[in-house]
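Inspection log for the structure reproduced underneath, given as structure tokens.
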Amino acid sequence: MARYDSDVRPPIRFGLFMSQAGRTWDEVVDGFRLADDLGFDHGWLVDHLVDTDHGPGVPVLEAWTLLAALAARTSRLRLGVLVTSNTFRHPALLLKSAVTVDHVSGGRLTLGLGSGWNVDEHRRYGIDLP
């Protein structure tokens with residue numbers, strides 16, 4: 001059993017969660033570069049195909065291609081999608097995307113998986129939601 005030493009505390013880490021819904025490429029990259037420059041530890045996107053907060057009329061950049069582009073434009077920030085919907089991509093395709101982003105980022109990817117939940121979003125893209 002592990003012993004807790006009250007004098008040893010885990011480090012506090014800070015991250016940025018920034019939905020790409022309604023934001024341009026320039027706005028997203030500026031936010032992630034600023035977080036990288038300020039010393040934030042991690043930055044996260046959302047995995048939605050439509051804006052689930054404001055409706056389908058708001059544009060949303062696709063998470064995994066955007067993450068790859070951000071990986072090439074940041075230097076130290078750990079990157080991830082909070083969280084990747086397991087219903088949007090075949091697991092083998094997601095794995096290829098994740099490995100690619102991890103290589104582009106120099107090993108800075110954090111992979112988070114979750115279940116899809118938005119019925120309308122799935123219907124609009126012809127994706128079954130079990």
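Only a predicted model underlies this, so the values are computations on that prediction, with no experimental measurement involved. Excluded from the calculations below are hydrogen atoms, water molecules and symmetry mates; all remaining heavy atoms, backbone and side chain alike, are included.
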Does the Asp51 side chain pair with the main chain of Val58, one donor and one acceptor, at a distance under 3.5 Å? no

Taking the side chain as every heavy atom from C-beta outward, state whether Val99 and His103 have any atom pair closer than 4.5 Å. yes

Any salt bridge between Arg123 and Asp120, counting N to O under 4.0 Å? yes

Shortest non-hydrogen contact from Ala35 toward Leu16: CB-CD2, 3.8 Å

OG on Ser105 to CG on Leu70, rounded to 0.5 Å: 11.0 Å

Glu27 backbone acceptor or donor facing Thr24 side chain under 3.5 Å: yes

Validation row: Val50, Arg124 side chains within 4.5 angstrom (heavy atoms): yes

Would Leu49 and Val60 count as a side chain to side chain contact (heavy atoms under 4.5 Å, CB included) if you check the C-alpha gap in whole Å, the side-chain angles of each, and the deciding distance to 0.1 Å? CA-CA 6 Å; Leu49 306 174; Val60 178; over 6 Å; no

Tell me if the centroids of the rings in His42 and Phe14 come within less than 6.0 Å of each other. no

What's the separation between atom CZ in Arg108 and atom OG in Ser75, rounded to the nearest 0.5 Å? 6.5 Å

Side chains of Glu121 and Phe88, heavy atoms from C-beta outward: is any pair under 4.5 Å? yes

Starting at CZ of Phe32, measure out to CG of Asp37 and round the result to the nearest 0.5 Å. 13.5 Å

Nearest 0.5 Å please: distance from the CG atom of Asn118 over to the OG1 atom of Thr87. 10.0 Å

Hey, could you give me the CG/CG distance between Leu111 and Asp102, rounded to the nearest 0.5 Å? 9.5 Å

Just by modelled atom types, is the Arg76 backbone N or O under 3.5 Å from a matching donor or acceptor in the Asp36 side chain? yes

Non-hydrogen atoms of Asp47 and Ala63 that approach each other most closely: OD1-CB, 3.9 Å

May I ask you to decide whether Glu62 forms a salt bridge with Arg89, counting only side-chain N to carboxylate O separations under 4.0 Å? yes

Non-hydrogen side-chain atoms of Thr74 and Leu79 separated by less than 4.5 Å: yes

Check whether any side-chain heavy atom of Trp64 lies under 4.5 Å from a side-chain heavy atom of Leu94, and answer yes or no. yes

Do the non-hydrogen side-chain atoms of Leu109 and Leu67 ever get within less than 4.5 Å of each other? yes

Val46: side chain to side chain contact (heavy atoms under 4.5 Å, CB included) partners, not counting sequence neighbours: Phe17, Ser19, Gln20, His48

Are the side chains of Asn86 and Leu113 in touch, meaning some heavy atoms are under 4.5 Å apart? no

Determine whether Leu45 and Leu82 make a side-chain contact, defined as any pair of heavy atoms from C-beta on separated by less than 4.5 Å. no

Distance from Arg78 atom CZ to Asp41 atom CG, nearest 0.5 Å? 10.0 Å

Going through the distances and angles, do Trp117 and Leu129 end up as a side chain to side chain contact (heavy atoms under 4.5 Å, CB included)? CA-CA 8 Å; Trp117 62 270; Leu129 179 61; 5.8 Å; no

